[in-house]
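Following: one structure in structure tokens, then a few remarks.
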Amino acid sequence: MTKQLLKPDYIFESSWEVCNKVGGIYTVLSTRAKTLQAAFPDRIFFIGPDVWRGKENPLFAEDEKTLQLWREYAKNEGLEIRVGRWNIPGHPITILVDFASFYEQKNEIYTQAWLDYQVDSLHAYGDYDEASMFSYAAGKVVESFYRYNLSVQDKVVYQAHEWMTGLGALYIQKKVPEIATIFTTHATSIGRSIAGNNKPLYDYLFAYNGDQMAQELNMQSKHSIEKQTAHHVDCFTTVSEITNNECRELLDKPADVILMNGFEDDFVPKEDRFEQKRKHARDVMLRMANKLLGTRLSDDTMIIGTSGRYEFKNKGINVYLEALNRLTRDKNLKKDVLAFINVPGWVGDAREDLLERMQSDEDYTTPLKVPFITHWLHNMTHDQVLDMLKYLNMSNASDTKVKVIFVPCYLDGKDGILNEAYYDLLIGMDLSVYPSYYEPWGYTPLESVAFHVPTVTTDLAGFGLWVNSLVHHEGSLQDGVKVIHRTDYNYSEVADAIKDAVTEFSALSDNEIDGIRAHAAEIAEKALWKHFIQYYYEAYDVALRKAEQRLSQKQQQ
């Protein structure tokens with residue numbers, strides 16, 4: 001018999017990425033909001049930083065009437081907040097908090113956190129203060145709302161995301177023990193740092209001491225708030241098995257529940273428009289390639305791509321380029337390959353020479369200078385992608401079967417060259433490649449399969465591991481997701497495996513490709529929030545039971 005899960009009456013979630021699009025956590029929160037808003041209508045509140053003060057935030061619609069009485073009460077307590085709706089599906093109530101006034105109390109706040117929970121803020125630098133002041137302010141906002149509107153009869157959950165919100169979670173744990181707390185780390189700060197500093201993470205994970213590594217990598221404060229929050233909240237969660245291993249070893253605490261990242265597929269065009277949008281995307285990419293390279297690429301050119309944050313090693317951009325270089329010498333490659341790197345760099349202006357050609361109907365037969373890039377960079381001579389292309393002696397010459405184009409800007413439809421949004425280009429790809437070395441989950445391959453574009457990823461990505469568990473073997477091209485085994489030391493084998501996957505795909509018949517595309521879409525369907533939201537209900541239950549236990553012990557004392 002399954003036990004009845006305790007459900008909250010009210011949920012608060014705080015994150016630096018509420019109404020503030022920075023990275024993958026924005027996707028987690030903004031796609032899940034609709035599902036939770038349907039289950040808890042206007043009883044789920046998102047709390048974010050008011051970093052847009054004085055400027056219009058396109059993601060936030062202020063509403064002076066929502067929570068009006070409490071807002072006046074909060075204002076009298078010295079809390080500067082704006083209340084409205086997040087402009088995403090579900091339109092949940094959102095509270096943006098201006099945390100600037102708390103800087104004056106910073107030393108007292110940090111001292112108290114040390115006394116209560118041994119949080120070490122002594123070594124803070126960079127974004128630590130900003131994040132902590134926001135986090136503390138968010139905790140004060142929830143405390144104020146609770147005192148004004150709710151009582152001990154209400155089951156309330158506060159979920160904090162990433163080390164940036166840890167201080168607020170601990171504040172609530174102490175000041176409002178009636179509220180059940182959940183802390184979610186999407187990637188440990190120390191694990192990301194080890195990987196980013198070119199130290200082997202996985203083979204030595206069992207031997208690393210998180211506290212010692214934090215000292216070595218100058219990460220004591222971020223590591224400390226993350227670790228103490230993980231240990232003291234009612235329910236500690238992370239997003240994948242692979243990150244859970246990190247938490248167990250580096251934070252000395254395994255997750256209580258794993259909250260895998262789902263998504264909504266409402267951004268995928270329906271059948272009638274799908275083919276039309278796919279054809280348009282291919283036309284745009286092939287036309288731009290002709291203008292840049294001065295080479296006519298046929299309609300059956302195989303278009304592949306990678307995208308995401310510019311983390312050269314962690315996202316596997318280096319091994320992708322290595323694989324493309326090896327592909328140029330592969331005699332079994334049956335089609336021309338146009339390979340994109342859609343990764344925002346330190347971008348300057350759109351290239352005027354390319355723009356001029358884009359505005360012309362002429363078919364060009366000579367390449368532009370630097371025929372690898374669509375926009376100039378501020379650091380052309382020190383860019384890792386361009387450096388590696390040079391090192392590998394890639395040419396983009398008309399007689400090579402593999403052409404590489406680096407699009408170093410956000411694809412928001414206004415970049416000046418392609419002028420298409422990311423998803424409107426993704427739909428035109430034949431295959432995507434995300435050979436990550438460090439990837440707690442991996443939205444990019446998941447988005448790819450949602451658009452019926454088969455993908456290549458690794459088992460060092462949470463998504464790749466999940467696919468393996470779904471198909472009960474190492475994911476293959478035929479499954480729609482090829483999952484390559486990756487370790488600290490098998491870079492060369494990974495490059496070969498990517499090369500072989502592209503070559504294999506180039507030889508498939510249209511019927512075989514249609515089957516693979518259908519399998520890719522089936523995998524995406526299994527990751528929708530309607531399936532994954534269940535894990536959140538389990539986390540709510542764990543946290544609420546712990547809070548109940550705490551309160552009953554308190555009453556007995």
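Note that the structure is a prediction, hence the values are computed from the model and not measured. For the single chain, residues carry numbers from 1 onward in sequence order.
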Set of side-chain contact (heavy atoms from CB on, under 4.5 Å) partners for [X], sequence neighbours left out:
X: Lys499; result: Arg326, Leu327, Asp330, Asp496, Thr503
X: His531; result: Glu525, Leu528
X: Thr328; result: Asn325, Met394, Thr400, Val402

Is a donor on one side and an acceptor on the other found under 3.5 Å between the side chain of [X] and the backbone of [Y]?
X: Asp127; Y: Glu130; value: no
X: Asn396; Y: Val404; value: yes
X: Asn20; Y: Val51; value: no
X: Thr457; Y: Pro435; value: no
X: Asn314; Y: Glu311; value: no
X: Ser436; Y: Glu439; value: no
X: Trp376; Y: Asp349; value: no
X: Ser221; Y: Ala124; value: yes
X: Asn342; Y: Ser307; value: no
X: Ser448; Y: Val453; value: yes

Please determine, by modelled atom types, if [X] and [Y] share a side-chain donor-acceptor pair under 3.5 angstrom.
X: Trp529; Y: Thr31; value: yes
X: Glu226; Y: Thr185; value: yes
X: Asn197; Y: Ser193; value: yes
X: Glu447; Y: Tyr423; value: yes
X: Ser432; Y: Thr455; value: yes

By side-chain hydrogen bond (donor to acceptor under 3.5 Å, both in side chains), which residues pair with [X], not counting sequence neighbours?
X: Lys414; value: none
X: Thr188; value: Glu246
X: Asp129; value: Lys106, Tyr110
X: His161; value: Glu13, His186

Pairs meeting criterion ring pair (Phe, Tyr, Trp, His ring centres under 6.0 Å) with involvement of residues 480-499, two or more places apart: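 Matches after skipping sequence neighbours: none remain.
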Using a strict 4.0 Å threshold on nitrogen-to-oxygen distance, state whether [X] and [Y] make a salt bridge.
X: Arg357; Y: Asp353; answer: no
X: Arg517; Y: Asp514; answer: no
X: Asp430; Y: Arg282; answer: yes
X: Glu216; Y: Lys199; answer: yes
X: Asp336; Y: Lys403; answer: no

Non-hydrogen atoms of [X] and [Y] that approach each other most closely:
X: Tyr434; Y: Thr306; answer: CD2-OG1, 3.6 Å
X: Asn87; Y: Pro58; answer: ND2-O, 2.9 Å
X: Ala497; Y: Lys482; answer: O-CE, 4.2 Å

Would you check if [X] and [Y] make a side-chain contact, meaning some heavy-atom pair closer than 4.5 Å?
X: Leu259; Y: Tyr536; value: yes
X: Lys526; Y: Leu470; value: yes
X: Trp86; Y: His91; value: no
X: Tyr204; Y: Ile194; value: no
X: Leu386; Y: Met380; value: yes
X: Leu425; Y: Phe340; value: no
X: Ile341; Y: Ile405; value: no

Using the six-membered ring wherever Trp is involved, compare the ring planes of Tyr202 and Tyr437 and label them parallel, tilted or perpendicular (cut-offs 30° and 60°).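 The arrangement is perpendicular - the two ring planes meet at more than 60°.
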With side chain to side chain contact (heavy atoms under 4.5 Å, CB included) as the criterion, how do His519 and Val481 come out once you've worked through the C-alpha distance, each side chain's angles and the decisive distance to 0.1 Å? CA-CA 8 Å; His519 287 147; Val481 179; over 6 Å; no
More than 12 heavy atoms of other residues, nucleotides or ligands under 6.0 Å from [atom1] of [X]: is that the case?
X: Lys401; atom1: NZ; value: yes
X: Asp412; atom1: CG; value: yes
X: Tyr410; atom1: OH; value: no
X: Asp203; atom1: CG; value: yes
X: Glu62; atom1: CD; value: yes

Working to the nearest 0.5 Å, report the span between CD1 of Ile47 and SG of Cys19.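 Ile47 atom CD1 to Cys19 atom SG measures 12.0 Å (nearest 0.5 Å).
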Could you grab the distance from atom CD1 of Ile258 to atom CE of Met260, nearest 0.5 Å is fine?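 If I round to the nearest 0.5 Å, the distance is 7.5 Å.
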Test: side-chain hydrogen bond (donor to acceptor under 3.5 Å, both in side chains). Region: [range]. Which pairs qualify, not counting sequence neighbours?
range: residues 379-394; value: Tyr310-Asp383
range: residues 264-277; value: Thr35-Glu264, Lys277-Asp424
range: residues 465-475; value: His473-Asp479

Using ring pair (Phe, Tyr, Trp, His ring centres under 6.0 Å), reason through Tyr443 and Phe263 one step at a time and then give a plain yes or no. CA-CA 9 Å; Tyr443 263 119; Phe263 79 128; 7.1 Å; no
Determine whether the aromatic ring centres of Phe406 and His375 lie less than 6.0 Å apart.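 Centroid distance Phe406-His375: not below 6.0 Å, so no.
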Donor-acceptor list for residues 291-298 side chains, cut-off 3.5 Å, not counting sequence neighbours:
residue	atom	partner	partner atom	Å
Lys291	NZ	Ser360	O	3.0
Lys291	NZ	Glu362	O	2.7
Thr295	OG1	Leu293	O	3.3
Ser298	OG	Asp300	OD1	2.7

Single hit among Phe46, Phe134, Tyr26 for ring-ring contact (aromatic ring centres under 6.0 Å, His included) with Trp16: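 Looking at Phe46, Phe134, Tyr26, the match for Trp16 under the ring-ring contact (aromatic ring centres under 6.0 Å, His included) is Phe134.
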